[in-house]
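Residue indices begin at 1 and follow the sequence shown. First listed ligand is number 1; within each ligand, the first listed atom is number 1.
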Amino acid sequence: MALKSVIVLESTNPHFGWNDSGSKPSGFPLNWINGPEKVCKSISFGGFSGFLACRAIRNVEDGNSSKRSTKLQRVIDETKSEVSKRLQKDSSSFPKPLSVSDLSSTADDGSKVRISFKGCPGSYTEDAAFKAYPKCETVPCNEFEDAFKAVELWLTDKAVLPIENSSSGSIHRNYDLLLRHRLHIVGEVQLAVNFCLLALPGVRSEHLKRVISHPQALSLSDSLLSKLGVSRENVDDTAVAAQYVASNGLRDAGVVASARAAEIYGLNILADGIQDDSDNITRFLVLARDPIIPRTNKQFKTSIVFTLDEGPGVLFKALAVFALRGINLTKIESRPQRKRPLRVVDDSNTGSAKYFDYLFYIDFEASMAEPRAQNALGHLQEFATFLRILGCYPMDTTL
Ligand SMILES: O=C(O)C(=O)C[C@]1(C(=O)O)C=C[C@@H](O)C=C1
């Protein structure tokens, strides 16, 4: 009779029907739980069932098993005692165990960190990287996707990317990339974005026929650009525009970019703070290959993505899991499921109805080290058709 291994998955949440005997895991996601025969790590961030803990791997025998179990148990006990004796003897030659502080190889100022970002030196995204890690080494990339890949291929340690702006809203492409890649959100940066009008030395604003920049920077500086009566030309990022005007000696073209870009590319600042909304804030995410350990000693945020079945009130029910536990939501975003855009629902009276199928992204103000957050996700997991934790990270409370 063959031995079968069964992985028993149980929720860390006692309220939702799973067996909760024995030691309940405390600090998701770093639970290491002793099962009868093995120690197994909890399924962590990035896994579909983020908050499920692998409680035990049991041996299941077909048919009459009690004699065999006793014998098996004796062999296990003898082996354990043998291993334990050997461990005690050899322990002096072991390397020092790793501690949490050993795992963070980066200094506080980020002097050892390499950060990939989309754009050129002098862009606002690079500003965000410097805000998070003042002495980091930045690695410019052509596309957002390249910044993700650089981390995945160990060319850089982290990536920084813009995710939303207070005036123009979400950067949808980056929500889609978060799902397509397996990086973890380990931080956020809120940056007050101050747009400047730049030009070559000696050029005055009345000489300008066109202004070049990132489309968002052009549209958020609409009042001044309309007053100047210039045409607008889009490029991929604000610093690329500054580099282009400087390197081609364009005297009829201005640029909307940062004061740092002016300094790097030798341009003059013709006007400062030209954004229509004086409070123009962009929120950036910091991504890494590994998640960070959620804590409760400072304010943490958690980002998730999930899908739901069709039906009245399903989103209401999903949001209620947070409301019921007093957890504040800071962001909700929905994106179409690109690979499965339409859901066909059979309706006998009217034929087959077709609905768009959505992914829901939510940020909430709680750490995964808090039971209320674990319980909320345990509850959501009961009816979500897909759930992934994108990251749990300290909130940026400075501006
Ligand atoms: O163009 C830049 O400088 C960027 O860093 C990109 C970006 C963006 O993509 O949203 C970042 C922040 C600013 O609000 C405008 C543009």
(request) Please write out which residues are connected to Leu155 in a hydrophobic cluster, directly or through intermediates, given that two of Ile, Leu, Val, Met, Phe, Trp, Tyr count as joined at side-chain heavy-atom separations below 4.5 angstrom. (result) Leu153

(message) Can you tell whether the side chains of Lys158 and Asp290 come within less than 4.0 Å, N to carboxylate O?
(response) no

(message) Any carboxylate oxygen within less than 4.0 angstrom of a Lys/Arg side-chain nitrogen, looking at Glu333 and Lys331?
(response) yes

(message) Restricting to side chain to side chain donor-acceptor pair (under 3.5 Å), what partner residues turn up for Lys131, sequence neighbours left out?
(response) Asp396, Thr398

Could you pull out the N/O contacts under 3.5 angstrom between ligand 1 and the surrounding protein atoms?
from: ligand 1; atom 1: 1 (O); to: Thr238; atom 2: N; distance (Å): 2.8
from: ligand 1; atom 1: 1 (O); to: Thr238; atom 2: OG1; distance (Å): 3.4
from: ligand 1; atom 1: 3 (O); to: Tyr124; atom 2: N; distance (Å): 2.9
from: ligand 1; atom 1: 3 (O); to: Thr238; atom 2: OG1; distance (Å): 2.5
from: ligand 1; atom 1: 5 (O); to: Tyr124; atom 2: N; distance (Å): 3.3
from: ligand 1; atom 1: 5 (O); to: Thr125; atom 2: N; distance (Å): 2.8
from: ligand 1; atom 1: 5 (O); to: Thr125; atom 2: OG1; distance (Å): 2.6
from: ligand 1; atom 1: 9 (O); to: His214; atom 2: NE2; distance (Å): 3.2
from: ligand 1; atom 1: 14 (O); to: Gln216; atom 2: OE1; distance (Å): 2.5
from: ligand 1; atom 1: 14 (O); to: Thr282; atom 2: OG1; distance (Å): 3.0

(message) If the condition is salt bridge (Lys or Arg N to Asp or Glu O under 4.0 Å), which residues does Lys149 pass it with, not counting sequence neighbours?
(response) none

(request) Check step by step if ring-ring contact (aromatic ring centres under 6.0 Å, His included) holds for Phe386 and Phe306. (result) CA-CA 5 Å; Phe386 161 81; Phe306 58 91; 9.1 Å; no

